[in-house]
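Numbers here simply count residues along the sequence, with the first being 1. Here the structure is a predicted model, which is why all the values come from computation and not from measurement.
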Amino acid sequence: MPPLPAEVLRASVPLLTGFIIHWCLFSTLSVQTYIYYDGAAPDRLLTKCLVYGVYVMEFIQTVFVTYDAFVIFAFGFGDVKSLTAVHFHWLTIPIMSAFVSCISQLFYAYRIYLLSERRRTAPSVIAFVSLLSAGAAISTGVLAHAIGDAARLSTLGPSLSIGLWCGGAALCDILIAIFMTHYLAKHSTGFRHTQRLISKLIRITVETGSLTAVAALLDLVLFFMFPFQEVYMSVALWLPKLYANAMIMVINARFRVVYANGDDHIHIVTTRSGVRFRGMTSSPETVIDTRFLQQHSPVETDGTATKDRSLYSSDTMEMKKGDPEAGNVT
């Protein structure tokens, strides 16, 4: 078999790299979604719809991406035109990425709105930048579909749209990391274990926000450094999966396993009405008033149990003093 032309190798390596990372991140997203399903019994319907809706959207994207992979590397093997054709990339990369990233960023904006005691300046700035970036991404998808060749997207119109899309997404992620860190750090409770959980949320927020911002900037840099090539596809193909994983990871950070003995696991989930202990093989669910845990001694357990008395999630930080839902014990 004669060796493949250099242009075929140059075009196929970024695509293959992007496809592989895309499938790996979808596997991670599936695990994250299952973790949420396993511990989300007391969660609000809106949050459940958000998580499961994003997962369904990402599943549909993976179906289209896998179809494109077969078209490029199986049906059109060795064909340069098949490598550079847009296929369903115009839909799966900019448009679906716009929806997922915008949903994720607006979710963070809402959290910041609650953490900041309903101040609107920071959430409004984040929402504006996010919607601007999403609009540019949709415009990129429309232009890519009209052009039909991914290697020709370096012309002026698509370049401006891609620059605004990726640059806006990176800026939004940086703003989210800054504002979330600022407002979480202001919630000092005086309880050691609560402070540990707040520090954990700050760390996860900074890490995920920095990771998505770096990925968006890397995609933008590759696009302008290698014009009329598809090197940027090595990042663009999995960027939406990164946003989805980051969002669900932050949501899952509210759940914490504090006791493990054989097959028994107790999950502590903090909700508006208190702290819910959910046993997988032991007793039914019990809700304990959060303020009771604040005012009394640590929970004593035996075996390999952890001593803890005050666990908070992002939901408890939404709760204002005097909230009629606080303190309900079921």
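- Closest non-hydrogen pair, Phe228 versus Arg152, comes out as CD2-CA, 4.4 Å.
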Could you please spell out the steps behind the side-chain contact (heavy atoms from CB on, under 4.5 Å) verdict for His89 and Asp68? CA-CA 8 Å; His89 295 333; Asp68 285 344; 3.5 Å; yes
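- For Trp238 and His22, the gap between ring centers reaches or exceeds 6.0 Å.
- Here Tyr108 pairs with nothing under the ring-ring contact (aromatic ring centres under 6.0 Å, His included) rule; sequence neighbours left out.
- For Ser30, the side chain to side chain donor-acceptor pair (under 3.5 Å) test picks out Tyr55, with sequence neighbours left out.
- To the nearest 0.5 angstrom, Met57 atom CE is 7.0 Å from Phe99 atom CZ.
- Shown here are the ring-ring contact (aromatic ring centres under 6.0 Å, His included) partners of Phe226, two or more places apart in sequence or in another chain: there are none.
- Just one of Tyr37, Tyr34, Tyr36 meets the ring-ring contact (aromatic ring centres under 6.0 Å, His included) condition when paired with Tyr52; it is Tyr36.
- For the atom pair CG (Asp173) and OG1 (Thr205), the distance works out to 12.0 Å, reported to the nearest 0.5 Å.
- Inter-residue side-chain proximity for Leu115 and Phe179 is flagged as unmet; no heavy-atom pair is nearer than 4.5 Å.
- Considering all non-hydrogen atoms of both residues, Ser101 and Ser97 come closest at OG-O, 2.7 Å.
- Counted by atom type alone, Asn245 and Thr28 present zero donor-acceptor pairs between their side chains at under 3.5 Å.
- For the pair Gly163 and Leu220, the tightest heavy-atom approach, listed with the atom from each and the gap, is CA-CD1, 3.5 Å.
- Between Phe19 and Ile72, the closest side-chain pair of non-hydrogen atoms falls below 4.5 Å.
- The hydrophobic cluster containing Leu46 does not contain Tyr110, counting ILVMFWY residues as joined when their side-chain heavy atoms lie under 4.5 angstrom apart, directly or transitively.
- Leu29 has its side chain within reach of Thr33: a pair of non-hydrogen atoms, C-beta onward, lies under 4.5 Å apart.
- Contact annotation: the side chain of Ser159 never approaches that of Leu153 to less than 4.5 Å [non-hydrogen atoms, C-beta and beyond].
- With sequence neighbours left out, the salt bridge (Lys or Arg N to Asp or Glu O under 4.0 Å) criterion links Glu58 to Lys241.
- To the nearest 0.5 Å, atoms CG (Leu237) and CG (Leu25) are separated by 11.0 Å.
- Using a 4.5 Å heavy-atom threshold, the side chains of Phe73 and Ser12 count as touching.
- Using the six-membered ring where Trp is involved, Phe70 and Phe75 have ring planes that are tilted, between 30° and 60° apart.
- No continuous path of ILVMFWY side-chain contacts below 4.5 Å connects Leu106 to Tyr113, so the two sit in separate hydrophobic clusters.
- Heavy atoms from other residues, nucleotides or ligands lying under 6.0 Å from CZ of Phe224 number more than 12.
- In this structure, Ile202 and Ala185 approach most closely via the heavy-atom pair CD1-N, 3.9 Å.
- Here Tyr232 pairs with Phe223 under the ring-ring contact (aromatic ring centres under 6.0 Å, His included) rule; sequence neighbours left out.
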Under 3.5 Å donor-acceptor pairs involving side-chain atoms of residues 125-144, not counting sequence neighbours:
residue, atom, partner, partner atom, Å
Ser130, OG, Gln105, OE1, 2.7
Ser133, OG, Trp165, O, 2.7
Ser133, OG, Ala169, N, 3.4
Ser139, OG, Ser161, OG, 3.4
Thr140, OG1, Ala136, O, 2.9

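- A 4.5 Å side-chain heavy-atom check between Tyr243 and Val54 finds every atom pair outside the cut-off.
- In this structure, Ile112 and Ala122 approach most closely via the heavy-atom pair CG2-CB, 4.2 Å.
- In this structure, the separation between CZ on Arg203 and OG1 on Thr208 is 11.0 Å, given to the nearest 0.5 Å.
- With a 4.5 Å cut-off on side-chain heavy atoms, His87 and Ser82 count as touching.
- Criterion: ILVMFWY side-chain heavy atoms under 4.5 Å apart, direct or through other members. Under it, Val100 and Ile103 are part of a common hydrophobic cluster.
- Put simply, OG on Ser104 and CD1 on Ile176 are 6.5 Å apart, with the number rounded to the nearest 0.5 Å.
- Note that the CE atom of Met249 and the CD1 atom of Ile35 stand 9.0 Å from one another [nearest 0.5 Å].
- Residues Ile21 and Val65 share a single hydrophobic cluster, defined by chaining ILVMFWY side chains whose heavy atoms lie under 4.5 Å apart.
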Kindly indicate, with the supporting measurements, whether the criterion side-chain contact (heavy atoms from CB on, under 4.5 Å) is fulfilled by Val63 and Tyr67. CA-CA 6 Å; Val63 171; Tyr67 173 80; 5.7 Å; no
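- Using a 4.5 Å cut-off on side-chain heavy atoms (C-beta onward), Ser234 and Leu222 make contact.
- Shown here for Pro240 and Ile93, the closest heavy-atom pair between the two residues is CG-O, 4.3 Å.
- Judged purely by distance below 3.5 Å, without hydrogens or angles, the side chains of Asn252 and Gln32 pair a donor atom with an acceptor atom.
- Hydrophobic clustering (side-chain heavy atoms under 4.5 Å, transitive across Ile, Leu, Val, Met, Phe, Trp, Tyr) keeps Ile178 apart from Ile204.
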